[in-house]
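Proteins get letters first, then strands, A, B, ... in listed order; numbering begins at 1 in each.
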There are 2 protein chains.
Amino acid sequence: MRKGVFYGVGVGPGDPELITIKARKILNEVDVIICPEKRESAGSFAYKIAKEHIKSNAEIIYLTFPMVYDENELQNKWGENASIIAKMISNGKTVAFITLGDPTIYSTYMYLLHYLKKYDIEVKTIPGITSFCSVSSSLNMPIAEWEEGFSVVPLRKGDNDKLKRALDNFENVIVMKPANDCKILASELLKRGLENNFVLISKCGTEEERIITDINVIINEKIPYLSTIIIKKNGLKIYKY
Amino acid sequence: MRKGVFYGVGVGPGDPELITIKARKILNEVDVIICPEKRESAGSFAYKIAKEHIKSNAEIIYLTFPMVYDENELQNKWGENASIIAKMISNGKTVAFITLGDPTIYSTYMYLLHYLKKYDIEVKTIPGITSFCSVSSSLNMPIAEWEEGFSVVPLRKGDNDKLKRALDNFENVIVMKPANDCKILASELLKRGLENNFVLISKCGTEEERIITDINVIINEKIPYLSTIIIKKNGLKIYKY
């Protein structure tokens, strides 16, 4: 374990066994584990996943990364978090920041790196299993094959622009955070005759996992935050699950 | 380890430590490891990665999955491979098929499942780290952040259609198999003024790893088969690597 290095560690989609050997080694060796929180005392799903791999005397530190659109608030808070980390590193501690899924796909960790630049700290990023690979594996279903392309879009409330572009241009579309606007999602699927070409999984890999292929459920029920939809315009191709 | 189950195991991008704990456990327990080959005696990069995790007395079997477009040849060969696997399973062996990266993204394994359906075998797919997550992690660079989308397209010789659609519609574009037509790739980048907005990595994580950000290299040199390009229209955002 090298001193003065800041590790960003992807802990995967939820199952502690879907952590890589490299990630486990780092979690088991560093002095400090940083757990990001959306707001104070919100808790950390990433920590629950990583917990069994972290050494018993590691220091666990929660840092808040508010999900706000106020540029000033973000810069102040994130700059403050970066300085906390930089101080630990300069004190000779080894530090790992844990992040759900993969660190390079919609992760708070990547925004933090921007604020760490001025401290000239060495950074090593350890990839993780993304939620969409986990979902498609648990369904025994390809995301893309042969010459197909695919696209990944986050769904924002009231905004169907990205979803439309994706559906217009790609055979396979993954929608992140579909719970943000299920009405828009259902409407685009119905408009295109794709009501039988999607699968939604919520809380994949947990005891509360639910697989939804009925468009009426999306329209009428509350979909959990931790959900992913895969839309396959050429047909679902699910091997028995 | 359950008898009568066929495992599809993603072994990740190249580094044996980027295999998951779950994948390692399965590789260390099954009776038979199936290594796919493009042609007879071509060898298997997936096997090189997995090797140290496979138990010493496991049976290693190479099956050929020719990369041809002849529908009949494919169906015969793949049907034959499926029957070989089905026979092993019915003889009570545990069998794992290893695949580079993630099994659900452009993997031969997924095509095979189609031919396995008639045998009514239970299948479990274990996700892996995809090449593009590995590449972006090794660069400390986000694939997508905030409200951005991204798309993944394979490049086929002489065909710029998918690449164009991706670049027209998404902030972030990952091109798989860019070596198939570097001329088309360079031309689309130059046309859009994106000649400083891409990074190409070949043989990521190996001793021969090479990082290319100069468009002239893409135009004038031979790019290896195992390469990935990430194009970021909003700027590269690489933390020191």
Side-chain angles (χ1 to χ4, degrees), chain A residues 8 10 12-13 15-22 24-25 53 102-107 110-111 113-114 116-117 120 122-130 132-134 136-154 156 159 162 165-166 168-170 237 239-240, chain B residues 8 10 12-13 15-22 24-25 53 102-107 110-111 113-114 116-117 120 122-130 132-134 136-154 156 159 162 165-166 168-170 237 239-240:
Chain A
D15 180 344
E17 288 204 329
L18 288 180
I19 280 181
T20 66
I21 295 166
K22 186 170 269 184
R24 178 165 71 173
K25 201 179 268 184
H53 306 302
D102 179 77
T104 71
I105 296 180
Y106 304 115
S107 160
M110 278 294 159
Y111 316 146
L113 290 193
H114 176 69
L116 269 183
K117 273 189 177 163
D120 197 30
E122 190 177 351
V123 164
K124 288 215 175 288
T125 307
I126 313 300
I129 303 289
T130 65
F132 56 80
C133 287
S134 165
S136 54
S137 273
S138 88
L139 292 166
N140 297 314
M141 183 181 85
I143 288 176
E145 45 186 0
W146 301 109
E147 304 298 333
E148 293 175 356
F150 71 95
S151 62
V152 179
V153 289
R156 193 166 164 177
D159 179 9
K162 282 214 166 62
R165 287 167 181 244
D168 284 347
N169 289 288
F170 289 92
K237 293 198 180 178
Y239 188 93
K240 294 173 288 279
Chain B
D15 180 344
E17 289 205 329
L18 288 180
I19 280 181
T20 67
I21 296 166
K22 186 169 271 186
R24 180 166 69 174
K25 201 179 268 185
H53 305 301
D102 179 75
T104 72
I105 296 180
Y106 305 115
S107 160
M110 278 293 160
Y111 315 146
L113 289 193
H114 176 69
L116 269 184
K117 273 189 176 161
D120 196 32
E122 190 178 350
V123 164
K124 288 216 175 287
T125 307
I126 313 302
I129 303 289
T130 66
F132 55 80
C133 287
S134 164
S136 53
S137 273
S138 86
L139 291 166
N140 297 314
M141 182 181 84
I143 287 176
E145 46 187 358
W146 300 109
E147 305 297 335
E148 294 175 353
F150 71 96
S151 62
V152 179
V153 288
R156 191 166 164 178
D159 179 8
K162 283 215 166 61
R165 286 169 183 242
D168 283 346
N169 289 288
F170 289 92
K237 292 197 180 180
Y239 188 92
K240 295 173 286 279

Determine the option with the most heavy-atom pairs under 4.5 angstrom with chain A, choosing from [options].
{"options": "B:Ile105, B:Asp102, B:Val123, B:Leu116", "answer": "B:Val123"}
{"options": "B:Gly8, B:Pro103, B:Gly149, B:Pro127", "answer": "B:Pro127"}
{"options": "B:Ala144, B:Pro16, B:Ser134, B:Ser107", "answer": "B:Ala144"}
{"options": "B:Leu113, B:Thr130, B:Val153", "answer": "B:Leu113"}
{"options": "B:Pro142, B:Ala166, B:Ser136", "answer": "B:Pro142"}

* Structure fact -> Checked A:Pro154, A:Gly128, A:Gly10 vs chain B; the most non-hydrogen pairs under 4.5 Å come from A:Pro154

* Who among A:Glu145, A:His114, A:Lys237 has the most heavy-atom pairs with chain B under 4.5 Å? -> A:Glu145

Considering only heavy atoms from C-beta outward, does the side chain of [X] approach that of [Y] to under 4.5 Å?
{"X": "B:Thr125", "Y": "A:Tyr239", "result": "no"}
{"X": "B:Ile129", "Y": "A:Ile129", "result": "yes"}
{"X": "B:Phe132", "Y": "A:Thr104", "result": "no"}

* To do: Go through the atoms of A:Pro13 and report whether side chain, backbone, both or neither lie under 4.5 Å from a heavy atom of chain B.
  => neither

* Asked: So what's closer than 4.5 Å to chain B heavy atoms on A:Asp159: side chain, backbone, both or neither?
  ->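 Nothing of A:Asp159, per the 4.5 Å heavy-atom cut-off to chain B.
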
* Over all atoms of both residues, closest heavy-atom pair of B:Ile21 and A:Arg24 -> CD1-CD, 3.6 Å

* Looking only at heavy atoms, which two atoms of A:Ile126 and B:Leu18 are closest? And how far apart? -> CG2-CD2, 4.3 Å

* **Parallel, tilted or perpendicular: ring planes of B:Tyr111 versus A:Trp146, cut at 30 and 60 degrees** =>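 Plane angle under 30°, so parallel.
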
Kindly say whether [Y] contributes a backbone atom to a donor-acceptor pair with the side chain of [X] at under 3.5 angstrom?
{"X": "A:Lys162", "Y": "B:Glu147", "value": "yes"}
{"X": "B:Asn169", "Y": "A:Asn169", "value": "no"}
{"X": "A:Tyr106", "Y": "B:Glu148", "value": "yes"}

